[in-house]
Amino acid sequence: MVEKKHTRAQFATRLGVIATTVGSAVGLGNMWRFPYEAGNGGGGAFMLLYILFILLLGIPVICAEFVIGRETRSNVLGAFKQLKTSRFWQIIGYIGILSSLMILSFYSVVAGWTIEYFVQSIVGNISSDVNFHEQFVGFTTGWRALLWTVVFLLINLLVIIRGVRKGLERMSNIMMPLLFIIIIIFCINSLTMPGASQGLDFLFRPDLSKFSWNVVLSALGQAFFSLSIGLGCMLTYASYFNDKTNIVRSAAATAGLDTLVAILAGIMIFPAVFTFGMSPAEGPTLMFEVLPRIFSMMPAGAIWATLFFFMLFLASLSSTISMSEISITFLTEQGRLSRSKACIVCTAIALFFGSLCALSFGPLERLNLFNLFNNISSNVLLPIGGMLISIFVGWILDRGVLRRQLTNNESIRVPMFKLIIFCLKFVAPVCLAIILIMGLIG
Ligand code: PHE
């Protein structure tokens, strides 16, 4: 085991660690999923719950995944085998692999939509005389959506096959700051729109009549989805951390930046929604109908649109790389496949289910695997995974191991050590159990 620790790749720098975990967390979840989920959940009410869940459940669960990952330096399943606990806990590994493949499948479809919009921006089809609703519906119900899904998964394959350090660390370092700057520019633009105050009001003022267990569950699912937690993704990345990585600080930085990007996405979208007289509860199509319209009204809009969709494509790619890594490490370490074979197996599965998801808006509408995967993964599997992970780290894992990992062998002070443990032992398991039960029956 000791030998294995040294043969595994590790991130070279602290920036590398943050950039890759943020690279996993920031993606379509923030820009596409957050606005429409917030829109469906009544805006402010959803936002309040979302932030509460990030703080109370999200950060502790990221810490828990980091602890298991760096302690075992293993994949989602191997980690629990290595800790030699009852076999029951290995279920976390299986849930993780299942959800990562489900998410990879439908996520690639939406990533494919960003490729389509990138191409449309280049050829000049994002202009004021286009009906963006018809454009979107026409495209997603046709076969081109399938084509882009396949293209996206093949690009993803090219990157993952090159391994962890080279491809991923380098790319994330440049791309994330750039995306951030572009989003800020778009936010400023949106704040000058006539519907700005209405949009901000919707997003930030909680309307208590909007609270329901369903909204609570979707805010929870969104928090987990956006942070890439509950499926062992952060666990897998932490297996590449070096011994100096400050777990709690990295968890807080990842959660903080991810939440910031989601809020900015909201500020970018909702003023426009109200300016254009659209419904905030439009559903999964929201971003793809609002943004092109914003771009079409901006000076040099085609260039902004091209830039934005390209960055969004890259942000999606850094997220799908992290999802793929879960199954790849599992296949190479448990199944003893070569890395290339593992990448191909993972891509083949995603190609099959991704194609079914891509056709869920047109030919396969009756089956709608897209919605099924989207909802089941975030609102059921990730919270169950997160609940088991917190119970495991709070109650089962040796307290000495937990302490050693969080404090880097007593070499750093951890300000909220007790609070994190309290959240893992009591707050997370109890809240997650209640929300899951009430959200699913209510
Ligand atoms: N967090 C990513 C996003 O917001 C999606 C993701 C989910 C990535 C689960 C990895 C694992 O886009």
Side-chain angles (χ1 to χ4, degrees), residues 19-38 50 53-54 58-59 61-62 65-66 69 75-76 92-93 95-114 152 156 159-160 168 172 175-176 179-180 183 218-238 251 254-266 284 287 311-330 346 350 354 373-386 389:
T20 35
T21 52
V22 173
S24 165
V26 172
L28 293 166
N30 310 61
M31 313 292 299
W32 159 76
R33 204 174 189 280
F34 174 77
Y36 90 73
E37 284 285 342
Y50 176 74
F53 293 150
I54 297 272
I59 296 180
V61 173
I62 306 184
E65 289 203 21
F66 281 176
N75 60 85
V76 249
I92 298 176
I95 293 179
I97 293 158
L98 177 69
S99 16
S100 73
L101 290 170
M102 274 187 171
I103 297 176
L104 182 60
S105 303
F106 81 84
Y107 200 92
S108 302
V109 175
V110 186
W113 296 350
T114 69
F152 180 81
N156 184 60
V159 182
I160 51 182
L168 192 152
S172 308
M175 179 173 97
M176 284 295 138
L179 178 66
F180 194 71
I183 298 173
S218 46
L220 174 74
Q222 176 59 26
F224 273 54
F225 183 85
S226 194
L227 293 176
S228 318
I229 54 175
L231 73 171
C233 183
M234 290 300 171
L235 184 158
T236 306
Y237 268 8
T254 306
L257 285 169
D258 184 67
T259 309
L260 185 62
V261 177
I263 295 176
L264 289 175
M287 185 195 100
M311 301 307 309
L312 189 58
F313 158 77
L314 287 182
S316 321
L317 194 57
S318 62
S319 297
T320 51
I321 292 169
S322 71
M323 288 164 213
S324 318
E325 197 64 24
I326 301 175
S327 317
I328 295 168
T329 46
F330 164 72
C346 169
F373 279 9
N374 186 0
N375 294 332
I376 290 208
S377 58
S378 299
N379 296 355
V380 183
L381 294 178
L382 301 189
I384 292 181
I389 290 170

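The structure displayed is predicted, hence computed values, not measured ones. Ligands are counted one by one from 1 in listed order, and the atoms in each one are counted from 1 as well.
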> When you look for heavy atoms under 4.0 Å from ligand 1, do you find them on the side chain of A25, its backbone, both, or neither?
Replying inline: backbone

> Heavy-atom distance under 4.5 Å between the side chains of W32 and Y107, does that happen here?
Replying inline: no

> Quick one: which ligand 1 atoms are inside 4.0 Å of a heavy atom on G29?
Replying inline: 3 (C), 4 (O), 12 (O)

> Quick one: nearest non-hydrogen protein atom to atom 1 (N) of ligand 1, plus distance?
Replying inline: F225 O, 2.8 Å

> Does S228, backbone or side chain, put an N or O under 3.5 Å from an N or O of ligand 1?
Replying inline: yes

> Hey, does the side chain of N379 reach the backbone of I376 with a donor-acceptor pair shorter than 3.5 angstrom?
Replying inline: no

> For S378, which of F373, F225, F224 qualifies under side-chain contact (heavy atoms from CB on, under 4.5 Å)?
Replying inline: F225

> For ligand 1, is there an N or O atom under 3.5 Å from any N or O atom of S226?
Replying inline: yes

>> Whether the side chain of S228 engages the backbone of S24 through a donor-acceptor N/O pair (distance < 3.5 Å, no angle test) should be reported.
In response: yes

> Any idea which protein heavy atom is nearest atom 12 (O) of ligand 1, and the distance to it?
Replying inline: Y107 OH, 2.4 Å

> Do side-chain atoms of S324 reach the backbone of T320 as a donor and acceptor pair under 3.5 angstrom?
Replying inline: yes

> Do ligand 1 and M323 have nitrogen or oxygen atoms that lie under 3.5 Å from each other?
Replying inline: no

> Going by the salt bridge (charged side-chain N to carboxylate O under 4.0 Å, His left out) test, which pairs reach into residues 25-36, not counting sequence neighbours?
Replying inline: R33-E37

>> So if I count the atoms of ligand 1 from 1 in the order they appear, which ones are less than 4.0 Å from some heavy atom of N30?
In response: 4 (O)

> Residues two or more places apart in sequence or in another chain: which of them pass side-chain contact (heavy atoms from CB on, under 4.5 Å) with A111?
Replying inline: L28, F152, S316

>> With side-chain contact (heavy atoms from CB on, under 4.5 Å) as the test, pick out the partner of L227 among D258, V26, L382.
In response: D258

> Against heavy atoms of G27, which atoms of ligand 1 measure under 4.0 Å?
Replying inline: 3 (C), 4 (O), 12 (O)

> So is F34 in contact with ligand 1, going by heavy-atom distances below 4.0 Å?
Replying inline: no

> Under 4.0 Å from any heavy atom of S24, which atoms of ligand 1 are there?
Replying inline: 1 (N), 2 (C), 8 (C), 10 (C)

